[in-house]
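Shown next, in structure tokens, is the structure this report addresses.
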Amino acid sequence: MMNCQGVSNLLDQWQAGEPIQASAFSDLRAHLKVCPVCAQRVGPLVPLLRFDVLQEVVQLSEAKDFSIADQVMGGILQNTERATGAPGPTVPEGDRGKPLTRRPLLRSPLPRRTFLRPGRIGALGAAIAAVLVLALGLSRLMVPPTAADRVVVTFVLEAPQAQSVAVTGNFDNWSAQGIPLKKQGDGKTWKATVTLKRSLEYRYNFVIDGERYISDPRAVLSVDDGFGGQVSLLDL
Amino acid sequence: MAIQRTLSGNPEAFRAIVEAYQKRLYQFCLIRLGDPEAASDATQEILIRAYKSLGTFKIGRNFRAWIFSIAFHHLYSGWKRKKRDAEKLQRSYYPEEVERTNPEENLLSSETLRELRGALSKLKEDQATVLYLHYFEGLSVADIAASLNLGEENVKTRLFRGRKKLRELRFQRNNSKN
């Protein structure tokens, strides 16, 4: 059984950021149940220790019924309806792809995920996609010689049931229409070739039938977008 | 896909983001401002600022860290100007008196959390923010560092000092009553 001195020692350990054993945390709680003095002065810190031991974030309750979604959306939509000059999300020129020196793709802190989620892709049929980055020598044949810092990229998606396919990303400011892919002679493959700046990091999605955003199943790296989908990364 | 859809010209898609983060942001603002009405106003302003800045977010990175960095800078920019008022509000919203209930059954009760909130509101801005983002939002030291544009060692130092200060607050209260 932990005593009052033990509680103090444990808090010293916690304060210093040292790991705390789950058993020590249990002993602490047991002590607080029988020691009103320690409970009073340490009790409010228990949720913080709980996080450090059990990784359970502190939950507050006063925001339970809080909702301002209608007010926020009302303001946003009202501004958007004012046609020209309306404030809205924009992608700054400098953010339509960042120099790799700023954040190398392979050093991404985000976990690498598998490209294909059977449930998501299954509805599209046997969708297969590939990004073909042509070699510099070939790209010189296809783009003006002055554009040595450019790379020709072909986006390919196999989506036999799609009526339309587009690709959109930070290279086109996530435009609504995206860059349309053309259906090929085999009736299932869609392609679009675009020229992008070299040494930049791009993020993109395919858009099926103008409404369904999917990641590129064959991208080198696709990551969670934080809202139930994935975004593909292209490192040129 | 809420971000992509919003950026592609569908502002209504931003509602999913509002609904996912409004409570979290409100709690953060409430602790820093102390007043529910001011916290609600600040939450609206932060969300609208996030909407306008959405194009600067690199989809796939930690959105929570990004939106809380907006919240932090929003509150901090107005904090010095409103410091005096905010301090008054904190005093009014977090009364010093604590209900006397059975401490054995109250380790994680709302009263305990109220005391914790009150203690956090007494910390310096920089310490309270990193403690909140870590313990209430579960952000890692690295995420907090990126979010607030600080070094990781700096974040660790602030966490250490914040924990130390919280302990002192608790012991101080106890000693003052003895």
Side-chain angles (χ1 to χ4, degrees), chain A residues 11 14-17 29 32-34 36-37 39-48 51 55 57-58 60-64 66-69 71-73 75-77 80 87-92 95 98 109-110 168 170 173-176 178 203 205 213 223-229 231 233, chain B residues 1-12 14-20 22-24 26-27 30 40 43-44 47-48 51-56 58-61 63-64 103-104 106-108 110 112-113 115-117 119 135-138 142 156 159-160 163-164 166-167 170-171 173-174:
Chain A
L11 286 177
W14 172 72
Q15 183 180 306
R29 296 203 63 191
L32 297 188
K33 284 182 179 174
V34 297
V37 175
Q40 186 195 341
R41 65 186 186 186
V42 175
L45 302 181
V46 168
L48 305 186
F51 173 79
Q55 296 298 299
V57 295
V58 183
L60 295 179
S61 57
E62 68 272 85
K64 193 171 61 178
F66 179 77
S67 176
I68 53 168
Q71 293 96 308
V72 172
M73 292 311 300
I76 288 173
L77 294 172
T80 306
T90 57
V91 180
D95 284 322
K98 285 290 181 189
L110 295 162
T168 184
N170 56 344
N173 200 6
W174 293 97
S175 68
R203 290 156 190 258
N205 282 118
Y213 286 70
V223 295
D224 275 356
D225 64 7
F227 292 92
V231 64
L233 276 61
Chain B
M1 298 296 175
I3 301 170
Q4 293 94 317
R5 291 181 191 280
T6 304
L7 289 173
S8 72
N10 179 9
E12 183 60 38
F14 192 71
R15 182 181 289 274
I17 297 172
V18 173
E19 288 178 348
Q22 58 183 351
K23 291 179 182 176
R24 296 169 177 279
Y26 174 71
Q27 286 183 163
L30 186 58
S40 176
T43 304
Q44 284 194 52
L47 285 164
I48 289 172
Y51 172 77
K52 291 179 179 176
S53 307
L54 196 60
T56 66
K58 310 295 182 300
I59 302 171
R61 293 198 191 176
F63 187 81
R64 188 182 303 180
E104 292 88 342
N106 197 36
L107 292 177
L108 281 175
S110 58
T112 299
L113 291 174
E115 280 198 281
L116 176 57
R117 287 195 308 268
Y135 289 105
F136 290 72
E137 285 298 325
K156 287 179 186 173
L159 282 173
F160 168 77
R163 285 191 292 255
K164 185 170 183 287
L166 282 178
R167 277 191 73 187
R170 299 303 309 149
F171 281 105
R173 172 178 288 188
N174 183 61

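Proteins get letters first, then strands, A, B, ... in listed order; numbering begins at 1 in each. The shown structure was predicted, so the numbers you read here are calculated from the model rather than taken from an experiment. FYI, side chains are in, hydrogens and waters are out, and symmetry mates aren't considered; it's all heavy atoms of this structure.
- For the pair A16(A) and R163(B), the tightest heavy-atom approach, listed with the atom from each and the gap, is C-NH2, 4.1 Å.
- Not a single donor-acceptor pair under 3.5 Å links the side chain of S53(B) to the backbone N or O of T56(B).
- With a 4.5 angstrom heavy-atom cutoff, R5(B) touches chain A via backbone and side-chain atoms both.
- Interface remark: A20(B) contributes side-chain atoms only to the contact with chain A (heavy atom separation under 4.5 Å).
- Heavy-atom distances place the side chain of F63(B), and not its backbone, under 4.5 Å from chain A.
- Of all the listed residues (V57(A), I68(A), V72(A)), the one sharing the greatest number of non-hydrogen pairs under 4.5 Å with chain B is I68(A).
- With hydrogens and angles disregarded, a donor-acceptor distance shorter than 3.5 Å links the side chain of Q55(A) to the backbone of F51(A).
- Proximity to chain B (any heavy atom under 4.5 Å) is shown, for D225(A), by both the backbone and the side chain.
- Of the atoms belonging to Q22(B), heavy atoms from both backbone and side chain fall under 4.5 Å from chain A.
- Most heavy-atom pairs under 4.5 Å with chain A: of the set K164(B), Q44(B), Q4(B), this distinction falls to Q4(B).
- Here the shortest heavy-atom pairing between S40(B) and Y26(B) reads N-CE1, 3.7 Å.
- Rounded to the nearest 0.5 Å, atoms CZ (R41(A)) and CG (L32(A)) are 10.0 Å apart.
- A donor-acceptor pair shorter than 3.5 Å cannot be found between the side chains of Y213(A) and T168(A).
- For E137(B), the part lying near chain A is the backbone, with the side chain staying farther off; criterion is any non-hydrogen pair under 4.5 Å.
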